[in-house]
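These notes are about the structure you will find just below.
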Amino acid sequence: MLARELLRTSPDRVRAALAARCSDAPLERLLSADVSWREAQAELEALKADRNRGSKEVGALFASGRREEGEALRGRMAALGAKIATAEQEAATFADEVAELELTIPNLPHESVPVGPDETANRVERRWGEPPTFDFEPQAHWDLGPALGILDFERAAKISGARFAVLWGVGAALERALVTFMLDLHRGNGYREVYVPFMVNRQALVGTGQLPKFEADLFRVEGTDYFLVPTAEVPVTNLHRGEILAEETLPRRYCAYTPCFRAEAGSHGRDVRGLFRQHQFDKVELVHLTTPETSYAELDVLTRSAELVLQKLELPYRVMTLATGDMGFSAAKTHDIEVWLPGQQSYREISSCSNCEDFQARRTDLKFRPAGGGKTRHLHTLNGSGLAVGRTLIAILENYQSADGTVIVPEALRPYLGELERLAPER
RNA sequence: GGAGGGGUGGCCGAGCGGCCUAAGGCACCAGUCUUGAAAACUGGCACGGCGCAAGUCGUCAAGGGUUCGAAUCCCUUCCCCUCCGCCA
């Protein structure tokens, strides 16, 4: 949600930003509804001021025993009440329209974001590690996994459907080891671990920006008002909704493991094979709450925290800055981390780290009290994957594969797998 | 699932139709005193909207209603607590 003051004083800046995003958000409707609302509200308040004065006088007249005058004024106030009811309805109609529309306007891109319509305009920031060379034809994980007996898409389809996976044996243990490994790493790095509900209410999803626009991407639990979390960003960012945090307690860095559930609406035909795009996947999420002055330094901390996971696992990757047209709804700036996948001979997204500035803080009424005193201000929220666990598992299988189909276990993970050194076929 | 009790400013807590412009306390800020601090004393101190401003409207969990007027009365919902039942 953008500051209304910004909409009123710099509509051209907002127009330009939306154009850069290739957004068709209804800005002009919002602006005119806002004007109408303010007019109606001013009228309504004048009427209410009259009533407040009159009602007070009614009380005074009765108190001083002037019954007849009191009765007369009370009659006039009753008539005024009817006028107020009408004016109230009109103002409320405009207020609702403004509130509804402003939730559909995406965040403004930061000035450092490359302008472009789609991912082809994304900018490479840095690379780490060298894609491995093989003296054989590297396999994709959807061949490696089933051959090892640890990945089973057929039985997943039987019990659930497409875009689900079953992990067997050491595959299941590897998934669990990755979660623990990531949480331990972040926890030792200044993050506070938090365990949160996997179902959230509508308000939480509005707060982080998934609603009202993207309901089709979510799974809703029928007969309830609960949604399965599409990312831990939702419950974790909303933890302090409506609170005023002391500046001394910032920045706050939280990490959380949750499964994530996504309907993947509109992604039919994309990444249909393998583990890459699933309805359910595990993720360790990083969330920072910080001051406006430090949020871009925090974005760097956040991104590097996610990178550290890949460095410890010795997986090659590159860091991108997303272009205006490729960014998510709530983000002002986003770094994607893309890991090298030999099965596809390309870098693919494994983490997305965003500074949402005060966009989500406005929606969630999330503020801080400055250390020197003074007015409360909206704080800045950031979130990023640290990392998507399923995709990390893919990266390990494909980067650490051997000619015989076995897979070396990265050194950093061995303590979590009973010092297992190599994944070999299981029966 | 059943029966009760609650939700008031950063926190605690009074108020139960009109002097609520929400008492009092704690915390916080400024000042006096002090070598400095503490204590004491004095003053200040909720938030949001609209407006150039004067000002004005709103907010006592949320929404609706009664009334000239609602923190206060009525209805609905949500949340918290206690007890019972059930359950991992």
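Below, read A as the first sequence line, B as the second, and so on, with proteins coming before strands; counting in each chain starts at 1.
Across all strands shown, rA40(B) pairs with rU32(B); the Watson-Crick or G-U wobble distances both stay below 3.5 Å. If you check rG1(B) for Watson-Crick or wobble pairing at under 3.5 angstrom, you find it paired to rC84(B). Both distances falling under 3.5 Å, in either a Watson-Crick or a G-U wobble arrangement, occur for no nucleotide opposite rG9(B). Of the nucleotides present, rU59(B) is the one that pairs with rA46(B) by Watson-Crick or G-U wobble criteria, both distances under 3.5 Å. In this structure rC16(B) sits in no base pair that meets the Watson-Crick or G-U test at under 3.5 Å. Pairing partner, rA70(B): none, since no Watson-Crick or wobble contact has both distances short of 3.5 Å.
Atom-to-atom, CG of Asn201(A) to P of rA62(B) comes out at 16 Å; the value is rounded to the nearest Å. Atom-to-atom, NZ of Lys48(A) to P of rG51(B) comes out at 17 Å; the value is rounded to the nearest Å. Nucleotide rU56(B) holds its P atom 15 Å from the CD1 atom of Ile84(A), rounded to whole Å. At whole-Å resolution of the value, CG in Asp365(A) and P in rG10(B) are 11 Å apart. At whole-Å resolution of the value, CZ in Arg362(A) and C1' in rG49(B) are 14 Å apart. Atom CG in Leu366(A) sits about 16 Å away from atom C1' in rG48(B), given to the nearest Å. Atom CD1 of Ile244(A) and atom C1' of rC45(B) are 14 Å apart (whole Å). Rounded to a whole Å, the CD atom of Glu90(A) is 17 Å from the C1' atom of rC57(B).
We find that Arg262(A) and Glu264(A) are not joined by a salt bridge, their nearest charged nitrogen and carboxylate oxygen being 4.0 Å or further apart. Using a cut-off of 4.0 Å between Lys/Arg side-chain N and Asp/Glu carboxylate O, Glu5(A) and Arg8(A) are scored as not salt-bridged. Arg414(A) has no carboxylate O lying under 4.0 Å from a charged side-chain N of Glu419(A), or vice versa, which leaves the two without a salt bridge.
Spacing of C1' atoms, rA54(B) relative to rA61(B), comes out at 35 Å, to the nearest Å. For the C1' atoms, the distance linking rC47(B) with rC52(B) amounts to 24 Å, nearest Å. Taking atom P on both rC60(B) and rU21(B), the two are 13 Å apart, rounded to the nearest angstrom. Across the P atoms, rU8(B) and rC81(B) are found 14 Å apart, a figure rounded to whole Å. Nucleotides rG65(B) and rC80(B), compared at atom C1', are 26 Å apart to the nearest Å. If you take atom C1' in rC19(B) and the same atom in rG25(B), they sit 23 Å apart, rounded to whole Å. Using atom C1' as the reference point in both rG69(B) and rG17(B), the two lie 8 Å apart (nearest Å). Between rG48(B) and rC12(B), the distance separating the two C1' atoms is 24 Å to the nearest Å.
Tyr191(A) meets the ring pair (Phe, Tyr, Trp, His ring centres under 6.0 Å) test with His186(A), His288(A); sequence neighbours excluded. Judged as a side chain to side chain donor-acceptor pair (under 3.5 Å), and not counting sequence neighbours, the contacts of Tyr416(A) are Asp184(A).
For the pair Lys367(A) and rG48(B), the criterion of a side-chain N or O lying under 4.0 Å from OP1 or OP2 is met. Of the side-chain N and O atoms in Arg38(A), one or more sit less than 4.0 angstrom from OP1 or OP2 of rG51(B).
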- CA sep, side-chain torsions, deciding dist, call: Cys255(A), Leu183(A), side-chain contact (heavy atoms from CB on, under 4.5 Å): CA-CA 7 Å; Cys255(A) 65; Leu183(A) 287 172; 4.0 Å; yes
- Task: Please report the C-alpha distance between Glu69(A) and Leu61(A) in whole Å, then the side-chain angles of each, then the deciding distance to 0.1 Å, and finally whether the side-chain contact (heavy atoms from CB on, under 4.5 Å) criterion is met.
- Result: CA-CA 7 Å; Glu69(A) 287 170 74; Leu61(A) 288 171; 4.0 Å; yes
So which protein N/O to nucleotides 67-72 of chain B N/O distances come out below 3.5 Å?
unit_1, atom_1, unit_2, atom_2, d
rC68(B), O4', Arg74(A), O, 3.4
rC68(B), O2', Ser55(A), OG, 2.9
rG69(B), O4', Ser55(A), OG, 3.2

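At a threshold of 4.0 angstrom between heavy atoms, the contacts of Arg8(A) are confined to the sugar-phosphate backbone, with no base atom among them. Residue Ala42(A) is out of contact with every strand shown, counting any heavy-atom pair closer than 4.0 Å.
When each of Trp37(A) and Ala49(A) is assigned the nucleotide of RNA chain B with its nearest heavy atom, Trp37(A) is the one assigned upstream, toward the 5' end.
Between Tyr296(A) and His110(A), the ring centre distance stays below 6.0 Å. In this structure, Phe329(A) has its ring center under 6.0 Å from that of Phe359(A).
Applying the 3.5 Å distance criterion, the base of rG58(B) shares no donor-acceptor pair with the side chain of Glu45(A).
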